[in-house]
Amino acid sequence: MSVSFLDRLGEKATRKLAAGSSRRGVLGRIGAAIAVAPAFPLLPVARADAASAPSPTLSDFERRAQSKDPTKCNYWRHCAIDGVLCGCCGGGVHTCPPGTEPSPVSWIGTCRNPDDGRSYVIAYRDCCGRNICAVPKDCDCNTADREMPIYRPQASNDIIWCFGTASTAYHCSTAAIIGQAS
């Protein structure tokens with residue numbers, strides 16, 4: 001039976017390794033590696049490049065957004081609103097007008113404030129109980145910035161959310177800040 005060249009080479013390397021090392025030596029090297037490994041994150045690395053993460057690309061709405069007039073569709077909180085602004089109907093950006101009641105459920109969106117550059121989670125809530133508010137065209141908004149399809153209803157602005165109120169008649173929509181997005 002002939003032994004191939006690779007078998008002889010493997011045997012020679014294994015015998016040389018066994019002759020030059022002991023169990024105690026192998027265990028010592030493994031122990032040293034375990035002791036030194038936690039210090040690797042402390043070594044100086046080029047972290048300056050990692051710290052300057054690329055800035056997120058702004059959507060069309062975010063480029064046009066303003067923070068002065070909440071009765072305009074391009075107000076920063078209205079990035080995912082679909083409906084008539086309650087600020088144009090006697091209410092506020094986060095309050096329903098008199099004679100209406102807020103829906104018990106809402107949809108959400110994440111909007112970027114142009115003043116501080118931070119993103120905030122906004123809860124859009126329909127105000128129900130009166131017929132739709134008749135307003136100028138610039139108060140009837142459909143700003144579906146990054147809108148999700150209808151199979152994610154909690155993020156959809158295409159549903160009238162007047163469920164569980166005395167009247168299912170839609171009047172207007174509010175945009176209240178829930179908190180800062182992480």
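This one's a predicted model, so the numbers in the text were calculated from it and none came from an experiment. Residues take their numbers from the sequence shown, with the count starting at 1.
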Straight-line distance of Gln66 CD to His78 NE2, nearest 0.5 Å: 9.0 Å
Arg130 side chain to Pro98 backbone, donor-acceptor under 3.5 Å: yes
Working to the nearest 0.5 Å, report the span between CG of Leu9 and CG of Leu6. 6.5 Å
Decide yes or no for Thr100 and Cys128: does some side-chain heavy atom of the first lie under 4.5 Å from some side-chain heavy atom of the second? no
Residues Thr110 and Ser119: closest non-hydrogen pair is CG2-CB, 3.8 Å
Answer yes or no: is there a donor N or O on one side and an acceptor on the other, between the side chain of Trp107 and the main chain of Ile81, under 3.5 Å? no
Below 4.5 Å, heavy atoms only, C-beta onward: do Cys172 and Pro97 meet side chain to side chain? yes
Side-chain donor or acceptor of Thr95 paired with backbone N/O of Gly91 under 3.5 Å: no
Taken to the nearest 0.5 Å, the spacing of Ser67 OG from Arg112 CZ works out to 11.0 Å
Donor-acceptor pair, Glu11 side chain versus Arg8 backbone, under 3.5 Å? no
Non-hydrogen side-chain atoms of His171 and Cys133 separated by less than 4.5 Å: yes
Please report whether the SG atoms of Cys88 and Cys139 are separated by less than 2.5 angstrom. yes
Taking Gln180's backbone N and O only, do any of them form a donor-acceptor pair with Arg118's side chain (distance below 3.5 Å, no angle check)? no
Which atom of His94 lies closest to which atom of Ala176, heavy atoms considered: CB-CB, 3.7 Å
Cysteine SG atoms at Cys79 and Cys111 closer than 2.5 Å: yes
Residues Ser167 and Glu101: closest non-hydrogen pair is N-OE2, 4.3 Å
So which heavy atom on Asn113 is nearest to which on Asp115, and how close? OD1-N, 2.8 Å
Are any of the side-chain heavy atoms of Tyr124 and Thr174 separated by less than 4.5 Å? no
Are Trp76 and Tyr120 close enough that their ring centers fall under 6.0 Å? yes
Quick check: do Leu85 and Pro70 have side-chain heavy atoms less than 4.5 Å from each other? no
Nearest heavy-atom approach of Cys162 to Ala169 is SG-O, 3.9 Å
Nearest-0.5 Å distance that lies between atom SG in Cys73 and atom CG in Asp140: 7.0 Å
